[in-house]
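Here's the structure we're looking at; comments come further down.
Computed from a predicted structure; not experimentally measured. Computed over heavy atoms, backbone and side chain alike; hydrogens, waters and symmetry mates excluded. In what follows, chains carry the letters A, B, and so on, assigned in the order in which the sequence lines appear, proteins first and then strands, with residues in each chain numbered from 1.
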Protein chains: 2
Amino acid sequence: MKLLHALPADDGFSMPAEFSPHRGCILIWPERKDSWAGGGYAARKAFTEVITAIARSEKVTVLASFEQYENARASLPPKIRVVEMSTDDAWARDITPTFVKNKEGVLRGIDWGFNAWGGLVDGLYFPWDRDNKAARKICDLMEIDCYDQRSFILEGGSIHSDGEGTLMVTESCLLSGGRNPKMSKEEITEHLCKTLGVKKVLWLPYGIYQDETNEHVDNICAFTSPGEVVLGWTDDESDPQYPMSRADLEYLSHETDAKGRPIKVHKLPLPSPIYVTEEDCAALDPMDGEPTRVPGDRLAASYVNFYIANGAIVMPAFGDKNDQKAAEILQTLFPTREIVPIYARDILVGGGNIHCITGQVPE
Amino acid sequence: MKLLHALPADDGFSMPAEFSPHRGCILIWPERKDSWAGGGYAARKAFTEVITAIARSEKVTVLASFEQYENARASLPPKIRVVEMSTDDAWARDITPTFVKNKEGVLRGIDWGFNAWGGLVDGLYFPWDRDNKAARKICDLMEIDCYDQRSFILEGGSIHSDGEGTLMVTESCLLSGGRNPKMSKEEITEHLCKTLGVKKVLWLPYGIYQDETNEHVDNICAFTSPGEVVLGWTDDESDPQYPMSRADLEYLSHETDAKGRPIKVHKLPLPSPIYVTEEDCAALDPMDGEPTRVPGDRLAASYVNFYIANGAIVMPAFGDKNDQKAAEILQTLFPTREIVPIYARDILVGGGNIHCITGQVPE
C-alpha cells in the first residue's frame with residue numbers, strides 16, 4: 001500500500017454512488033458492552049441477519065477483534081470472510097475508507113481523521129485510536145493505495161454521493177465544533193470537492209433529531225438515483241423532527257445538483273418515536289462510570305438508514321406501522337432490488353442503524 | 001472459509017515442496033521482548049532484510065499486532081502487504097497453515113494444534129492461544145478452506161516435503177513428550193500420510209544440538225530437489241553435533257524416498273558454535289521472572305535454515321568462515337536462484353532462523 005499525499009480529484013479520482021455496482025461490503029462485529037445492550041448478543045444476531053442479507057448479492061468481509069474472531073466465525077456462514085482487526089466499536093460506515101475510483105477503474109481509499117464524532121468537544125467515546133487506524137489497514141489488506149486525509153475529520157456516514165458530481169452533507173454535522181472548526185463552510189466545500197472529486201455540495205441544514213453523530217446525512221436523506229432522494233419525514237407538526245425535515249425539504253426544493261437537475265424529493269415516513277427503556281439502560285455498561293443512555297431518551301430511528309446492496313435494499317424495521325409503507329416506497333424507487341427489512345432496534349440502541357454498520361467497496 | 005473435518009489425502013490434497021512455485025510468503029513482525037533482544041529493533045531490521053529479499057521474487061504479507069502495525073508499515077516497502085493479526089511471537093513457519101493442493105490446483109490450509117513446542121511439558125512460552133488461532137485466520141483471510149487438525153500437535157518447521165510423496169521429520173521432535181505422546185511412531189506416520197498426502201515418512205533421528213524446538217527438521221536437513229537433501233554437518237568429532245549429524249547421515253544412506261530413489265546427501269557445513277552472551281541476556285526481558293537465556297548457552301545456528309523463494313535462496317549468515325562455503329554449496333544445488341545471505345544472529349538469538357520466520361504459500 002502506498003500512502004498518497006495528493007488530492008484524489010487532482011489524480012482523476014471520485015467517489016461512486018452507493019447504488020453503483022459493488023465489489024463487496026465491510027462490516028465490524030459488535031462487542032462493546034457500553035454500546036450494545038446485554039453484552040451484544042442481540043446486536044450480533046441483528047448484524048448477522050444484515051450480513052447474511054447483503055451476502056446474497058455481494059462479497060462480505062467482517063472485521064472482528066482477536067477476542068471475538070472465533071465467535072464471529074462460528075456465527076456467520078462460511079462464505080463470509082472474517083478478518084481480525086482492532087477497532088473501538090462497530091461503525092464500519094464511519095471508519096472504513098471512503099473509496100474513490102478513476103476512469104480506468106482503479107480503486108483507492110481515503111483515510112479521513114476519525115475522532116469518535118466530535119473528539120474532546122462532543123465525541124462519544126475515548127480513546128478512538130483503534131477506529132482511526134482502521135481505514136489505512138483496510139486499504140493495506142485490500143492491496144490498494146490510500147490517500148492520507150487524517151488531518152481532516154470526516155465520517156463516511158456524513159456524506160452521500162450521487163456519483164455524478166454531487167455530494168450531500170448536513171450543516172449540523174460538518175460545521176460542528178468537534179470536527180474541523182477552523183475551516184469555514186466554503187473551505188470545507190472546496191476540500192470535499194478536491195478529495196471526493198465532486199463539483200457541488202448540497203448542505204442540508206439538519207439530520208435526525210437527537211442523532212448523536214451531530215446528525216449524519218445518512219440517517220435523514222439518501223440518493224436513490226441521480227437527481228432523486230428520499231428524505232426522512234413526519235407529518236406531526238408537534239414532533240421536534242418536523243421543523244428539521246421541513247427545513248431540509250425547503251432547502252432541497254430550491255437546489256439543483258451538479259448537473260443542474262432539480263432534486264426530486266421522496267418523503268420516507270419515519271417510525272413513531274422510539275425511546276430508550278429502563279431495560280435498555282440496565283443492560284448497558286456505564287462509560288467511565290457514567291450511564292451511556294438515559295431512560296426516555298429518544299433514539300434516532302429512521303428508515304433512511306438502509307444499505308444499497310447489489311441485489312437488495314437492506315432496510316431497518318422497527319415493528320412500526322410505517323415499516324410496510326417505507327418498504328413500499330423503497331421498492332418503487334429501487335425496482336430491480338429486493339427489499340429486505342430487518343428488525344433493527346437492537347442496532348438502533350447502539351446509536352445507529354444498518355447504513356452506519358456497513359461500508360460498500362465499489363466494483 | 002469452510003472448516004473441513006475430512007483428511008486432506010482422502011480429498012486428493014497433498015503438500016507441495018518448498019522449491020515448487022510460490023504465490024507468496026507470510027511473515028510475522030517481531031516484538032516480544034523476552035524473545036528479541038534490545039526491544040526487537042535489531043530483529044526487526046533483520047526481518048526487514050529477509051522480507052525485502054523475498055519480495056523481489058514473490059508477494060509478501062507481514063502480520064503485525066495492533067501495537068506494531070504502524071511501525072511495520074513504516075519500516076517496510078509499500079509493495080509488502082501488512083495485515084493486523086494477534087500472535088504470541090513471530091515464528092510464521094510454525095503457526096501458519098500448512099498448505100495443500102489438489103490436481104486442479106485448489107489450495108487449502110491445514111490448521112494443526114500449536115502448543116509452543118511442547119505445551120506444559122517443555123513448551124517455550126505460555127500462553128500460546130494467539131499463535132494457535134492464527135492458521136485458521138490466515139485461511140479465512142485468503143478465502144480458502146481449512147482442515148481442522150487442532151487435535152494433532154505439529155509445527156511447520158518440523159516437516160519437509162519433497163512434493164513427490166516423501167516427508168522428512170525428526171524423531172526427537174515428533175516423538176517428544178510434549179506433542180502427541182499417546183500416538184506411536186507408526187500412528188504418527190500414518191496420520192502424516194493421511195493429512196499431507198505423502199506415501200513415506202523419513203525419520204531422521206536428530207536435529208541441531210540444543211535446538212529448543214526439540215530439533216525441528218528444518219534446521220538440520222532440507223530437500224533441495226526430489227531425492228536430494230542438504231544436511232547440517234561438522235567434521236569436529238568433539239562437537240556434540242557430530243554424532244547427531246552422523247546418525248542422520250547413516251539413516252539417510254540406507255533409505256530411499258517414496259519413489260524408491262536413494263537419498264543423495266549434500267553436507268552443508270555448520271558455522272562455528274555461537275553462544276549466548278552476557279550482552280544478549282541483559283537485553284532480554286525475563287519470562288515469568290526467570291531469565292529467558294543464560295550466557296554461554298549454545299545457539300542452534302545452521303545454514304540449513306534457509307528459505308527457498310521463487311527467485312532466491314535467502315540464507316542465514318553469521319560472519320563465519322563457513323558463510324561463503326555454505327553459499328557456494330547452495331548455489332550449486334539451486335543454480336537458477338540468487339543466493340542472498342543475510343546476517344542473522346539477531347534472528348538466531350530469538351531461537352530460530354530465516355526458515356522459521358517464513359511460511360510459503362504455494363501457487
Side-chain angles (χ1 to χ4, degrees), chain A residues 1-5 23-24 26 28-29 55 58-88 95-96 108-109 111 127-148 150, chain B residues 1-5 23-24 26 28-29 55 58-88 95-96 108-109 111 127-148 150:
Chain A
M1 175 193 72
K2 269 205 277 289
L3 199 61
L4 309 169
H5 299 283
R23 180 196 294 193
I26 302 169
I28 302 168
W29 192 244
E58 55 194 66
K59 286 183 76 163
V60 179
T61 292
V62 174
L63 309 176
S65 71
F66 170 74
E67 290 74 16
Q68 280 286 329
Y69 171 83
E70 274 77 20
N71 195 1
R73 183 63 282 165
S75 304
L76 296 168
K79 72 172 173 175
I80 309 295
R81 181 168 74 149
V82 185
V83 174
E84 183 186 339
M85 194 174 292
S86 302
T87 60
D88 293 295
I95 68 164
T96 57
R108 291 179 178 168
D111 176 16
W128 54 77
D129 59 313
R130 293 184 294 184
D131 279 349
N132 192 32
K133 289 173 175 174
R136 202 167 289 189
K137 274 190 271 193
I138 292 166
C139 292
D140 209 345
L141 182 69
M142 295 174 61
E143 299 177 77
I144 62 171
D145 292 332
C146 178
Y147 287 103
D148 178 8
R150 278 206 189 151
Chain B
M1 177 193 69
K2 269 206 277 292
L3 199 61
L4 309 169
H5 299 282
R23 180 195 291 192
I26 302 169
I28 304 167
W29 192 243
E58 54 193 66
K59 289 183 76 165
V60 179
T61 292
V62 173
L63 309 176
S65 70
F66 170 74
E67 290 74 18
Q68 280 287 328
Y69 171 82
E70 274 77 19
N71 194 0
R73 183 63 282 165
S75 304
L76 296 169
K79 72 170 172 176
I80 309 296
R81 181 168 76 148
V82 185
V83 174
E84 183 187 338
M85 193 175 291
S86 302
T87 59
D88 293 295
I95 68 165
T96 56
R108 290 179 178 169
D111 176 16
W128 53 77
D129 59 314
R130 293 184 294 182
D131 278 349
N132 192 31
K133 289 173 176 176
R136 201 166 289 189
K137 275 191 268 192
I138 292 166
C139 292
D140 210 344
L141 182 68
M142 294 175 61
E143 299 175 79
I144 62 171
D145 292 333
C146 178
Y147 287 102
D148 179 7
R150 279 207 190 150

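Looking at every heavy atom in both residues, A/Y69 comes nearest to B/R136 through OH-O, 3.9 Å.
Rounded to the nearest 0.5 Å, atoms NZ (A/K133) and CZ (B/F66) are 4.5 Å apart.
For B/D129, there are no side chain to side chain donor-acceptor pair (under 3.5 Å) partners at least two apart in sequence or on another chain. For B/D145, there are no side chain to side chain donor-acceptor pair (under 3.5 Å) partners, not counting sequence neighbours. Checked against side chain to side chain donor-acceptor pair (under 3.5 Å), B/E143 has the following partners two or more places apart in sequence or in another chain: A/K59.
The most heavy-atom pairs under 4.5 Å with chain A, out of B/K2, B/M142, B/E70, come from B/E70.
At least one side-chain heavy atom of B/R73 sits less than 4.5 Å from a side-chain heavy atom of A/M1.
Listed in order of number, the residues of residues 77-87 of chain A that approach chain B to under 4.5 Å between heavy atoms are A/P78, A/I80, A/R81, A/V82, A/V83, A/E84, A/M85, A/S86.
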